[in-house]
Amino acid sequence: MSGAKTGAVVMAALLVLYVALVGWRAVQFVLTGEPVAVAMGVALIVLPIVAVWAIWREFAFGIRSQRLVERLESEGALDLGIPVRPSGRPERAEADAAFPEFRAAVEAEPDSWRAWLRLGLAYDAAGDRRRARRAVRRAIELERARD
């Protein structure tokens, strides 16, 4: 398991422990019957549920995007042609220069999950994480709609 995956699993385990402890405290607050304590207990029940939902969404995104990357790699279409540094990080200037090619591919084939995924990877290489996630989410949606 990679370091990032191990870190994600450890953080998820810590979240589960946190939710259990906060959940127990929330029940104790609610059982007091005091209006302020009951309100705090309800808040302590709702907030961890929202946190678990958000973590689940991130895990699902990671799993689905990894599957698409692996599929693209098995097809031999993963190489973006962007040079990388010895550390493995892409050369940002090169990524910026290559970006219009990936944008044009999406415009030519807007229903292609492959084009959207490559665009997302290009955004990531250029350092634009927000747009990268949006493009990869679009790739996931398109791929799921085909199956």
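Sequential numbering from 1 along the given sequence is applied to the chain's residues.
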Exercise. Give a yes or no on whether the ring-centroid distance for Phe102 and Tyr123 is below 6.0 angstrom.
Key: no
Quiz item: Between Arg138 and Glu141, does at least one N-O distance fall below 4.0 Å, as a salt bridge requires?
Solution: yes
Quiz item: With side chains defined as the heavy atoms from C-beta onward, is the minimum distance between Leu14 and Val10 less than 4.5 Å?
Solution: yes
Self-check item: Arg133 NZ/CZ over Phe61 ring centroid, <6.0 Å and within 45° of normal
Solution: yes
Practice problem: Could you tell me which non-hydrogen atom of Phe59 sits nearest to which non-hydrogen atom of Ala12, and how far apart they are? | Solution: CE1-CB, 3.5 Å
Exercise. Show your reasoning for whether salt bridge (charged side-chain N to carboxylate O under 4.0 Å, His left out) applies to Arg67 and Glu143.
Key: CA-CA 11 Å; Arg67 284 185 188 149; Glu143 195 273 336; over 6 Å; no
Practice problem: Could you tell me which non-hydrogen atom of Pro83 sits nearest to which non-hydrogen atom of Gly81, and how far apart they are? | Solution: CD-O, 3.7 Å
Quiz prompt | Over 12 foreign heavy atoms within 6.0 Å of CZ, Arg129 | solution = yes
Quiz item: For the atom pair CZ (Arg114) and CD (Glu75), what is the distance rounded to the nearest 0.5 Å?
Solution: 4.0 Å
Practice problem: Give, for atom CG of Leu44 and atom CD of Gln28, the distance between the pair rounded to the nearest 0.5 Å. | Solution: 11.0 Å
Quiz item: Just how far is it from atom CD of Glu58 to atom CE of Met11, taken to the nearest 0.5 Å?
Solution: 12.5 Å
Quiz prompt | Closest approach of Ala132 to Gly120 (non-hydrogen atoms, all atoms of both residues) | solution = CB-O, 3.3 Å
Quiz item: What is the distance from atom OG1 of Thr32 to atom CE of Met40, rounded to the nearest 0.5 Å?
Solution: 9.5 Å
